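Worth saying up front: this structure is predicted, and the values here are computed from it rather than measured. Naming convention: chains lettered A, B, ... in sequence-line order (proteins, then strands); numbering from 1 in each chain.
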Amino acid sequence: MAAYPFGEIEKKWQKAWEEGQVFKAPVRPDPATPKFYVLDMFPYPSGAGLHVGHPEGYTATDIVARYKRMKGFNVLHPMGYDSFGLPAQQYAVEHGIHPRITTERNIANIERQIKMFGFSYDWSRRVATTDPDYYRWTQWIFLQMFNAWFDPDARKARPITTLVEKLKREGLSGRALRDAVDAKRLAYMAEVPVNWCPALGTVLANEEVTNEGRSDRGNHPVYRRALKQWMLRITAYAERLVDDLKLCDWPESIKIMQRNWVGRSEGAEVEFRMPNSECRIVVFTTRPDTLFGATYMVLAPEHPLVEKITTADQQAAVRAYVEQAGRKTELERMADAKDKTGVFTGAHAINPVNQQQIPIWVADYVMMGYGTGAIMAVPAHDTRDFEFATKFKLPIVQVVQPPEGVDWRGYVEDGIAVNSGQYDGLTTAEFKKRITAELEAARLGKYAVNYKLRDWIFSRQWYWGEPFPIVHCDACGTVGLPDDQLPLRLPDLDDFTPEASDDPEAPPKPPLGRVKDWITVACPSCGKLAQRELNAMPQWAGSCWYYLRYLDPKNAARFCDPEIERYWMGPNGVDLYVGGAEHAVLHLLYARFWHKVLHDLGHVSTAEPFGKLFNQGMIRSFAYRDKRGICIPYDKVDSSGDKPTHVDTGEELQVSIEKMSKSLKNVVNPDDVIAEYGADTFRLYEMFMGPLEASKPWNTRDVPGVHRFLNRVWRMVAGDEEHASLVAEGAEDAETERALHKMVKKVGDDIEAMKFNTAISAMMEFVNVVYKAGSIAPSQAARFLLALAPFAPHLAEELWQKTGHAKMLAHEPWPEVRAEFLEEDTVEVPVQVNGKLRGRIRVPVAAAKEAVLAAARAEPSVAPHLAGKTVRKEIYVPGKMVNLVAG
RNA sequence: GCCUGGGUGGCGAAAUGGCAGACGCAAGGGACUUAAAAUCCCUUUCCCGAAAGGGAGUGUGGGUUCGACUCCCACCCCAGGCACCA
């Protein structure tokens, strides 16, 4: 395909933009100029480099950034790297290469790739989470949390000193005071059950554990085990994380996912007493109205009361069960969900509403981590209790009357109370309200809210993460480093392997523990020898606040200057944040949490970090399989016929659309596409494929289509050996001018609405109009180039220069749209008879209804359909449609 | 099981109460060329028909409306998320 010289042009303008610092945002912006902060989710610099999914979001934000600059905004459009993490750590373990080296290498490669696309990033603001100048402030924010507590009265975080004062006033001092304070910090240590993999020597996240209860990497056994870990008190923010979603202009589906993740539910805590025992079992229930139907109770295997209440003759069975349950990972417990197991403790509890004695069981379908770790079981109206009761032959008592024709067994919706004494006849809602109030009055229960959300396990036993700025001192306890000792740098190391062990009970030995001259340090508080914290932070840490560092990346005195923060973040935070939906919950929830802590402590001005969020869809691609199910690479597929066939054997192949992956041999490499067609074509293709939010398949066959369009633009403006340019002085044509205004308006509106695919088709239509007309005036060509520039910036700049403009177009104003060019004198109106299209009439825009209807009835293609019928109803939607209802 | 999206030509898609298939790909035809590539022009939802024209048509079945791809009800299929959360 003969093509415009994209390779040369793209290099030329990328160099010009970089050397001219064309996209550098002002360091001290003028508050009078409106701002726009458009942000991409920064990538993890993996060894595989960019895939075609990355530039999809980056192109979209680049279009918006370039457009907003032309509209007169100060645009902040930065890029950086989320460079701590497990892959570099594992690579280091396997190849003995320092993760810093591989990380630097990978960043260099991915940055080279990103720069090929000509994105208008302000590279002077680049950050990497592994830079000591960056993680210094990650550590500083951690210390902010360590030195803060959540004041339930103020519903916000406050400095820990306010708690110390308060507790002192209450008479605490010494060790007791310290323990009480430590237990309330936003960053605290606690013994929690974790997925412990002794062979890897680290704790694993749930998603790193397979269904078989083994490690995703290496297939080593994983055990459930209680270990002392750093925790962040995100649960204190559960309510605000849900409530403040109303401030976020986000896709509703993402908000729903976040709400579900936090999982707020309202109900009551109810206390069950036991005969002949002081023990009391507190349960959480969302259905206090079903108390009369509670026929047994269940404790989680880890529940502290299990041991105390189990009777002698059940001791052995309960112990065996608890021990076996403890060995299962959370995932195994879920896998066994269908088949309920459990053991009777021999003990009974008293149902507070009817004084009945009901048996207490232990079963692993009750989780220690949710509610109180104990439930009242109402088998008639809870699916799980129903299954359990059926299996173990426990009584099932109806207490809710479902609507006519619905079986009450297993009915879990609302209904009318029955078999509930004085409460019979109440609706579920009324009953809940009354019983909760009465339990509260009798001191047997209270209104309660529970969340699925758990506190965030924040430590990892690996090397390649931010070190905790913490020392452990025998005399002073856990002490944060003073600011002047930050950053606490990662010490160098030759062997990154966490100490592996076959013994699941052996204590963790993080790799940092081997750096003998690093681990001991003078306690910042008392000066005696103390031990550094040996764990490192998880990968999420650095990405929780990077959008703030971009604002003021070189500031050595603060994480960000407050005045600069107010300018770029006000009033609603980041104006546009684009990334994949895979971060819908964790990254976005964690970042919101950190932001709220910083907000409470007065360090940032907004309640929410990301005002508007947009999720790009996943780009997948075709995968071809032969009869045996073996994947065939693209260069072995012949798709010239009706059905794809194998180039060598001619065998017909099965096509499917899948995620790109090496094993499916369907990965498209951006480098190859750019080499063949150029970056502008790549950008345009990804934006033209379909709506940004939709998941769609990459189809290499379609790429030449947009490339052809760019060639047409080139020839239209510059011509080539065989074709003269269509630009001609004095070619101002009214039709072209009208088409141009219409196009500019549509492109502008579509960019604002993130509908890039239809913006591109509008530009294609305009070029088709010009080719039909045969010429275009210079001023029209110039305005067309301005509209094209956000999408295909290299080509636009080159043609802009070729048409005699000395200054770059990057900061030219967006072309003006004038209403008089959008209006037409006459309009074509379709005419329907009984809702069926029969003809079209052309009428003046302002024509009266009667005149239009008369013209419609008279239209030759319409009249025959009315012959012999009475027109019963006439509808005219001005400028849109006529419908004649006849019978 | 629950919660989100989505299902429109041979393919990617457009239209979100008012002309279904814009724009692009692929395919077919034509022009240019010794030829090919590139380029330009035309055709292209399906069925009946030589044509004019007619009929059907947006996953399936109902409904609301003068009018439904669009709104409502039920169902089927695909993708993503959650999943013993009491």
Side-chain angles (χ1 to χ4, degrees), chain A residues 1-3 251-257 259-261 263-265 267 283-287 290 298 333-334 336-338 340 363-367 369-378 382-385 387-388 412 450-454 581-582 584-585 615 617-618 620 622 639-640 642 655 657 659 685 688-691 693-706 708-709 711-712 715 720 722-723 755 757-765 768 771-772 828-840 861 872-877 879-886:
Chain A
M1 193 187 289
E252 201 50 43
S253 57
I254 302 290
K255 291 197 196 182
I256 290 170
M257 276 196 231
R259 268 188 218 110
N260 291 344
W261 192 264
R264 183 194 144 93
S265 50
V283 303
F284 173 75
T285 176
T286 55
R287 293 295 299 270
T290 60
V298 183
R333 261 160 91 152
M334 278 191 263
D336 297 341
K338 293 132 267 160
K340 298 267 180 300
D364 68 0
Y365 82 89
V366 173
M367 307 285 156
Y370 183 78
T372 60
I375 61 157
M376 63 175 209
V378 183
D382 180 281
T383 314
R384 298 147 302 178
D385 298 344
E387 284 169 15
F388 191 84
V412 299
N450 247 292
Y451 297 93
K452 279 200 282 187
L453 187 70
R454 320 266 175 96
E582 67 272 22
V585 177
N615 289 117
M618 197 194 311
R620 299 187 293 163
F622 297 104
S639 36
S640 58
D642 279 359
V655 197
I657 294 172
K659 282 185 193 175
Y685 172 63
F688 187 63
M689 290 171 82
E693 67 275 19
S695 147
K696 50 220 168 254
W698 179 281
N699 193 346
T700 301
R701 203 177 64 178
D702 290 342
V703 178
V706 286
R708 199 169 292 156
F709 165 67
N711 272 312
R712 272 162 77 78
R715 279 197 312 276
D720 63 11
E722 293 159 46
H723 306 82
K755 288 159 67 173
N757 53 332
T758 48
I760 292 166
S761 62
M763 291 188 280
M764 287 173 166
E765 281 180 272
N768 290 344
Y771 268 80
K772 276 235 162 68
E828 195 177 69
V829 177
V831 180
Q832 298 180 343
V833 176
N834 293 336
K836 221 175 240 306
L837 181 73
R838 295 301 178 183
R840 296 184 174 83
S861 58
R872 289 199 313 253
K873 198 165 180 181
E874 296 169 321
I875 290 131
Y876 175 49
V877 184
K880 288 277 191 194
M881 157 78 52
V882 170
N883 192 12
L884 304 172
V885 185

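- Taking the ring axis of A/Tyr365 as reference, the NZ or CZ atom of A/Lys340 stays within 45° of it and closer than 6.0 Å to the ring centre.
- A/Ser265 comes within 4.0 angstrom of the backbone, heavy atoms only, and of no base.
- B/rA13 and B/rG24 have their C1' atoms separated by 8 Å, given to the nearest Å.
- Close to B/rC66, at under 4.0 Å from its OP1 or OP2, lies a side-chain N or O of A/Lys873.
- Residues A/Ala694 and A/Arg840 both approach RNA chain B. Their nearest nucleotides, taken by heavy-atom distance, put A/Ala694 toward the 5′ side.
- One can place CG of A/Asp702 at 16 Å from P of B/rG10, the figure rounded to the nearest angstrom.
- Spacing between B/rG57 and B/rG5 at atom C1', rounded to whole Å, works out to 25 Å.
- Panel note: side chain A/Tyr685, backbone A/Asn699; a donor-acceptor pair is recorded below 3.5 Å.
- Going from the C1' atom of B/rC25 to that of B/rG61 covers 35 Å, rounded to whole Å.
- Residue-level contact check: A/Lys452 touches the bases, meaning some heavy atom is under 4.0 Å from a base atom.
- Atom OG1 of residue A/Thr758 and atom CD of residue A/Glu765 lie 10.0 Å apart, to the nearest 0.5 angstrom.
- Residue contacts for A/Asn757: at a heavy-atom cut-off of 4.0 Å it reaches the sugar-phosphate backbone alone, with no base atom in range.
- Comparing the same atom, P, in B/rA35 and in B/rC23 gives a spacing of 32 Å after rounding to whole Å.
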### Task
Evaluate side-chain contact (heavy atoms from CB on, under 4.5 Å) for A/Asp385 paired with A/Met376, printing each intermediate quantity in order.
CA-CA 9 Å; A/Asp385 298 344; A/Met376 63 175 209; over 6 Å; no
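- Once rounded to the nearest 0.5 Å, the distance linking CZ of A/Arg259 with NZ of A/Lys452 reads 13.5 Å.
- Rounded to whole Å, atom P of B/rA83 lies 10 Å from atom CG of A/Asn260.
- Using a 4.0 Å heavy-atom criterion, one finds that A/Ile375 contacts the bases of the nucleic acid, with or without backbone contacts as well.
- Remark: A/Asn615 is not in phosphate contact with B/rG80, judged by side-chain N or O atoms under 4.0 Å from OP1 or OP2.
- Nucleotide B/rC46 forms a pair with B/rG55, judged by Watson-Crick or G-U wobble geometry with both contacts under 3.5 Å.
- Contact check for A/Thr700 versus A/Phe622: no side-chain heavy atoms found under the 4.5 Å cut-off.
- The phosphate of B/rC66 has neither OP1 nor OP2 within less than 4.0 Å of any side-chain N or O from A/Asn834.
- Counting non-hydrogen atoms under 4.0 angstrom, A/Pro251 reaches nothing in the nucleic acid.
- OP1 or OP2 of B/rC25 lies within a sub-4.0 Å distance of a side-chain N or O belonging to A/Arg708.
- Taking atom NZ of A/Lys255 as the reference point, atom P of B/rC82 lies 20 Å away to the nearest angstrom.
- If you check every strand for non-hydrogen atoms under 4.0 Å, A/Val885 touches sugar and phosphate atoms only.
- Put simply, CE on A/Met257 is 12 Å from P on B/rG80, counting in whole angstrom units.
- B/rG10 and B/rC25 make up a base pair, with Watson-Crick or G-U wobble contacts both under 3.5 Å.
- As a whole-Å value, the separation of A/Arg701 CZ from B/rG10 C1' is 8 Å.
- Within the shown strands, B/rU4 is the pairing partner of B/rA79 under the Watson-Crick or G-U definition, both distances less than 3.5 Å.
- Residue-level contact check: A/Lys755 touches the backbone only, with heavy atoms under 4.0 Å from sugar-phosphate atoms and none from bases.
- In this structure a side-chain-to-backbone donor-acceptor pair under 3.5 Å is missing from A/Asp720 to A/Arg715.
- Going from atom CG of A/Asp382 over to atom C1' of B/rA86 covers 6 Å, rounded to whole Å.
- For B/rG24, the glycosidic angle deviates from 0 by more than 90°, giving an anti base.
- As judged by a 4.0 angstrom heavy-atom cut-off over every strand, A/Arg712 is placed among residues touching the sugar-phosphate backbone only.
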#### Entry: Footprint string (nucleotides 50-58 of chain B, 5' to 3'): B base within contact, S backbone only, - free, heavy atoms under 4.0 Å
----SSS--
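- The gap from the C1' atom of B/rG9 to that of B/rG59 amounts to 15 Å, rounded to the nearest Å.
- Searching all strands for a Watson-Crick or G-U wobble partner of B/rC84 with both distances below 3.5 Å returns nothing.
- When rounded to the nearest whole Å, the span between CG of A/Asn883 and C1' of B/rG18 equals 9 Å.
- In this structure, of B/rA14, B/rC82, B/rC19, it is B/rC19 that holds the atom nearest to the side chain of A/Met881.
- When the P atom of B/rG24 is taken as reference, atom OH of A/Tyr685 falls 15 Å away, rounded to whole Å.
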